[in-house]
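Just so you know, ligand 1 is whichever comes first in the structure, and atom 1 is the first atom listed for that ligand. Being a predicted model, the structure only gives us computed values, none of them experimental. Atoms considered below: every heavy atom in the structure, side chains included; atoms not considered: hydrogens, waters and symmetry mates.
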Amino acid sequence: PEKFTMLTGDRPTGRLHLGHYFGTLKGRVELQNMGAKTNVLIADYQVITDRDTTEHIQDNVYNMVMDYLACGIDPDKTMIYAHSAVPAANQLMLPFLSLVSEAELARNPTVKAEMEASGHELTGLLLTYPVHQACDILFCKGNVVPVGRDQLPHIELTRTIARRFNNRYGKVFPEVDALLSDTPLLPGLDGRKMSKSYGNAINISMTAEETAKRIKKSQTDSERMITFDPENRPGVSGLLSTAAICTGRSEVEIAEEIGMGGSGQLKKYVTEAVNE
Ligand code: TRP
């Protein structure tokens, strides 16, 4: 573990939820406790890549720190910092920009998708933020970066930049690898993509009562018999997936156990599993 320096980050756009916990936070805590050097970045400058406002950003940064601490990220072992708190990190941006071509930047599929989703033209920042992300990683001399698949083009760019920098100026930066989680993507309680706007996520900050309420309100269907069928029964299946990931059991096993207990019993089971 001592050979690894982890750096990963999050955009502070809202509260972290169960999907974040199982998708990445839990893994960060494991690396931390194994003795890797661990760094977590709250990417506040990245918020302005695809939105026009920085409203609530300070609250979001503080809340994100609280969610991290609640999940077991230990500030005695892990450095937590925000972009805006370390202006020196930006100094890498100039030499790094000199090492990439406009065409390389324009090819990045994640940037293209974000531009389309934003409904805006391609700003200079949106085009170059993956270089800023390379600054994040290499500033910490990070060599292992837990990220989602959409971030792989940025990691590839980081590798390219590090290699070119080392060739030109002498070896300074390590070889970087992405670390993909093998946890399947957790759907929301209603089976749709987990999203704040759908109200189908359980936030890490929710109390046991708030968690129970959110689960109680989630949509199921009129069939009493509980079965795992994500295609046709998204609500029941979303609940089963939530219980499965919290308990380490399989969805089918839980469904069979509840059987004719119906959605009432299923929700009770899910609530206990999540709160536990
Ligand atoms: N772009 C990442 C995201 O949207 C957040 C991020 C910023 C990041 N800097 C990083 C992730 C450095 C890994 C390493 O999720």
Side-chain angles (χ1 to χ4, degrees), residues 4-17 19-29 31-32 36-51 54 57 60-61 64-65 67-68 71 73 78-93 96-97 105 108-118 123 125-162 173-181 183 185-186 193-196 201 204:
F4 293 96
T5 300
M6 181 205 84
L7 177 280
T8 191
D10 303 288
R11 296 182 193 196
T13 56
R15 299 303 300 236
L16 297 172
H17 54 56
H20 297 117
Y21 180 71
F22 288 106
T24 173
L25 295 164
K26 192 164 169 266
R28 296 178 193 177
V29 173
L31 287 171
Q32 165 194 278
K37 295 187 202 80
T38 42
N39 306 283
V40 179
L41 163 68
I42 301 179
D44 53 357
Y45 281 158
Q46 232 179 59
V47 172
I48 56 172
T49 51
D50 63 353
R51 52 186 81 197
T54 55
I57 196 163
N60 287 349
V61 170
M64 190 159 266
V65 174
D67 289 343
Y68 287 160
C71 290
I73 292 180
T78 295
M79 178 171 73
I80 305 172
Y81 71 105
H83 273 148
S84 58
V86 189
N90 294 318
Q91 277 185 295
L92 286 174
M93 191 72 175
F96 283 5
L97 280 171
L105 295 174
N108 187 309
T110 300
V111 168
K112 280 191 202 163
E114 284 169 324
M115 184 191 71
E116 275 153 28
S118 78
T123 63
L125 181 59
L126 188 50
L127 181 68
T128 56
Y129 93 82
V131 181
H132 195 250
Q133 194 158 320
C135 301
D136 298 338
I137 296 166
L138 296 174
F139 180 74
C140 295
K141 303 252 175 105
N143 60 1
V144 51
V145 186
V147 280
R149 282 188 183 280
D150 63 313
Q151 300 292 305
L152 290 178
H154 304 352
I155 305 298
E156 200 48 50
L157 181 73
T158 303
R159 293 167 62 87
T160 303
I161 289 173
F173 294 116
E175 186 157 322
V176 181
D177 282 302
L179 183 64
L180 293 173
S181 160
T183 315
L185 200 66
L186 181 63
K193 182 182 182 305
M194 196 181 287
S195 159
K196 194 169 47 178
I204 286 157

- request: Say whether Asn90 and His83, considering side chains only, have a donor N or O and an acceptor N or O under 3.5 Å apart.
  value: no
message: I'd like the contact residues of ligand 1, where contact means a heavy atom below 4.0 Å.
response: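 Only Leu7, Thr8, Gly9, Arg11, Leu41, Ala43, Gln46, Gln133, Asp136, Ile137, Val145, Val147, Gln151 have heavy atoms that fall under 4.0 Å of ligand 1, ordered by chain and number.
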task: Could you pull out all residues at least two apart from Asp67 that satisfy salt bridge (charged side-chain N to carboxylate O under 4.0 Å, His left out)?
output: Arg15
- request: Just grab all the side-chain hydrogen bond (donor to acceptor under 3.5 Å, both in side chains) pairs involving residues 139-153, residues at least two apart or on different chains.
  value: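 Sorted pair list: Gln133-Gln151.
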- prompt: Restricting to pairs with a member in residues 108-117, which pass salt bridge (Lys or Arg N to Asp or Glu O under 4.0 Å), not counting sequence neighbours?
  reply: Arg11-Glu114
- request: Step through it carefully: locate the ring centre of Phe96, locate the ring centre of His132, and say whether they are under 6.0 Å apart.
  value: no
task: Please check if atom CZ in Phe4 has more than 12 non-hydrogen atoms from other residues, nucleotides or ligands closer than 6.0 Å.
output: no
